[in-house]
Amino acid sequence: MMPQLVIRLFPAHDYDLAATLRSGQAFRWKCAENGWTGVISGRWVRLRSTGTSVEAEALAPADDWTWLTHYLQTDVALEEVLRGFPGDEPMQSAVAACRGLRLLRQDPWECLASFILSSTKQILQIQQIVANLCECYGQPVVVPAGEPAAWAFPSPARLASVTETELRACKMGFRAPYLLEAARRTAAGELDLTELGKAPLDVARGRLMELPGVGRKIADCVLLFAYGFQSAFPVDVWVLKALRQLYFPRRRRVTPRQIQQFVDEHFGPYAGYAQQYLFHYMRVARPRMD
DNA sequence: GCCCAGGTGAAGC
DNA sequence: GCTTCACATGGG
C-alpha cells in the first residue's frame, strides 16, 4: 500500500526557492510546473514557494521535519546575514538582484562527491553525471504514485565497491579515480565526515584537501554547503571574474595571492553567503558582461 | 573545429 | 615560488 502524501508549510521570509535550488550548490533538484522535486536524506520531497513560506510535500510518516528544515535552513534570519555584508556597490547590487538567495545545509558525503565531479564541468553537466551516478548505484526511494522513479545518493561503501571503469560509464571522465578514492577512504573510516564538522575550519579544510582531486575550491564548497562554515569562500572561475571586474577594474595581473587576501579581509562574518550572492549575480543577473 | 566549463596535480622554469 | 599543461566529456 502506498504511503500517504503529507503537506506542510514552513514560514520563511525572503526565501527564493528557485534561485537557491538553481544556484549551483546542489545538483539533484528537478523543476516542474507544480514545484521542485528532489531527494533529501533518502526521502522524496516536492517543494513550492508561496511567497511567505516554503510548502513541502513528503510521504508519511513525517512527524519530524528537521531533515527538511535543516537542509533548507529556513530558520536562518536572512536580514541579519545581509546586514553583515560589506556596504560596497557590487555587494549591494548583488543583493538587490538575488534577494532571497539562501545557503543550503547538505549531506557532507553527497556534497563532497558532487563537487569532486564538478571540476571543469558546466552545472548542467554536473547534474547529468550525478543523476547517472544515483540511478546506477543509489538505493531506490519510495515516490508517490505517478511520480518518476528516484534514487538516494549512493553511499561511500557502495561506490567503494565498484571499479573505476564502471564509474567512468557515468561520464565523469578523469574524475573517476578521485571519486573512488574519496569513497574508499570514507567507507574505510580513514576519513570521518561527521567528525570534520566539529573540527576548526582550517583543520577540516586540510583534511579534505588530503584527498586527491580536492583542492582549496572544492574543499571550501563542502565546508560552506555541507558544514556551514560561513567564512569559507570558494573561488571558482565565476567568482574570480566577479572579483576582478567588480573590485579590481582596469588592474592588470591580480594574483591569486592578492585575491585571497582581499577575500579574507573584505567580506565579513558571512563571507560564504556573500560569495554565493556574487556567484549567482554573475551567472544570472549579469549575463555576458566581459 | 574551437573554446569553455563551480579545478587539480604534475611538470616545467 | 609561479606558469603551463593534461585530464574526459559535452554544449554553444
Side-chain angles (χ1 to χ4, degrees), chain A residues 19-29 94 98 101-104 106 108 110-133 135-136 162-183 185 191 205-227 229 232-246 252-261 263 267 271-290:
Chain A
T20 300
L21 299 182
R22 277 187 319 197
S23 64
Q25 310 175 52
F27 303 100
R28 295 247 284 146
W29 291 97
C98 309
L101 177 62
R102 302 288 192 127
L103 287 180
L104 302 169
Q106 300 176 58
E110 176 170 345
C111 190
L112 171 60
S114 297
F115 277 96
I116 285 174
L117 300 176
S118 75
S119 67
T120 56
K121 275 291 178 197
Q122 294 180 0
I123 289 177
L124 192 63
Q125 297 171 352
I126 302 166
Q127 292 169 342
Q128 189 55 57
I129 296 169
V130 170
N132 293 342
L133 189 68
E135 185 164 350
C136 285
V162 307
T163 65
E164 182 183 321
T165 306
E166 290 173 309
L167 288 183
R168 281 180 187 261
C170 296
K171 305 302 180 185
M172 65 186 69
F174 62 84
R175 304 155 194 84
Y178 298 153
L179 178 62
L180 191 53
E181 183 62 17
R185 290 191 196 178
L191 178 62
R205 178 186 285 135
R207 292 287 285 141
L208 289 170
M209 289 178 65
E210 289 173 9
L211 292 167
V214 178
R216 173 68 184 250
K217 188 268 170 184
I218 290 177
D220 278 6
C221 283
V222 178
L223 294 169
L224 183 61
F225 301 144
Y227 292 108
F229 284 103
F233 192 106
V235 178
D236 76 314
V237 288
W238 288 94
V239 171
L240 188 59
K241 188 159 75 169
L243 294 171
R244 289 211 159 111
Q245 282 184 10
L246 302 174
R252 201 161 291 280
R253 294 195 58 77
V254 187
T255 66
R257 192 86 184 80
Q258 293 171 304
I259 291 282
Q260 190 59 55
Q261 184 178 355
V263 161
F267 287 101
Y273 269 91
Q275 175 276 159
Q276 196 63 13
Y277 273 78
L278 286 176
F279 178 77
H280 199 61
Y281 180 49
M282 288 302 283
R283 284 176 40 81
V284 176
R286 288 168 54 95
R288 290 186 280 117
M289 282 194 62
D290 291 324

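Nothing here was measured: the structure is a model prediction, and the numbers come from that model.
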Rounded interatomic separation in angstrom, taking CH2 from W238(A) and P from dG6(B): 7 Å

Exercise: identify the closest heavy-atom pair between I126(A) and S114(A): CG2-O, 4.1 Å

Whole angstrom value for the distance that separates C1' of dG6(B) from CG of L243(A): 13 Å

Partners passing side-chain hydrogen bond (donor to acceptor under 3.5 Å, both in side chains) against T255(A) (at least two apart in sequence or in another chain): Q258(A)

Short side-chain to backbone donor-acceptor contact, Y277(A) and L101(A), under 3.5 Å: yes

Worked check of side-chain contact (heavy atoms from CB on, under 4.5 Å) between L208(A) and D220(A): CA-CA 9 Å; L208(A) 289 170; D220(A) 278 6; over 6 Å; no

Annotated protein contacts, base or backbone, on nucleotides 8-13 of chain B with a non-hydrogen cut-off under 4.0 Å, one of B, S, - each: SS----

Q260(A) side chain to V235(A) backbone, donor-acceptor under 3.5 Å: no

Audit row: V263(A), V239(A), side-chain contact (heavy atoms from CB on, under 4.5 Å) steps and yes/no: CA-CA 11 Å; V263(A) 161; V239(A) 171; over 6 Å; no

Sugar-phosphate, base or nothing in reach of Q127(A), heavy atoms under 4.0 Å: nothing

Touch class at under 4.0 angstrom, heavy-atom based, for F225(A) against every strand present: base

Sugar-phosphate only, base, or nothing, as touched by S23(A) at under 4.0 Å among non-hydrogen atoms: base

Outermost DNA chain C nucleotides near chain A [under 4.0 Å, heavy atoms]: dT3(C) to dG11(C)

Polar atom pairs (N or O), protein with nucleotides 1-4 of chain B, under 3.5 Å:
none

Ring centre gap for F27(A) and F115(A) strictly below 6.0 Å: yes

Whole-Å distance separating the CD1 atom of I126(A) from the C1' atom of dG7(B): 11 Å

F233(A) CZ - dG6(B) P separation (whole Å): 17 Å

Whole-angstrom distance between dC3(B) and dT4(C), as gauged at atom P: 16 Å

Pair R28(A) + E110(A), salt bridge at N-O below 4.0 Å: yes

Under 3.5 Å: donor-acceptor pair, side chain of Q276(A), backbone of S23(A): yes

E164(A): partners by side-chain contact (heavy atoms from CB on, under 4.5 Å), with sequence neighbours left out: R168(A), A176(A), P177(A), L180(A)

Contacting residues from residues 166-175 of chain A, given that a heavy atom lies under 4.0 angstrom of DNA chain B: F174(A)

Distance, P atom - from dA8(C) to dA11(B), rounded to whole angstrom: 15 Å

C1' atoms of dG1(C) and dG6(B), separation to the nearest Å: 27 Å

Step-by-step side-chain contact (heavy atoms from CB on, under 4.5 Å) determination, R175(A) to T120(A): CA-CA 10 Å; R175(A) 304 155 194 84; T120(A) 56; 3.4 Å; yes

Trace of the side-chain contact (heavy atoms from CB on, under 4.5 Å) decision for V237(A) with K241(A): CA-CA 6 Å; V237(A) 288; K241(A) 188 159 75 169; over 6 Å; no

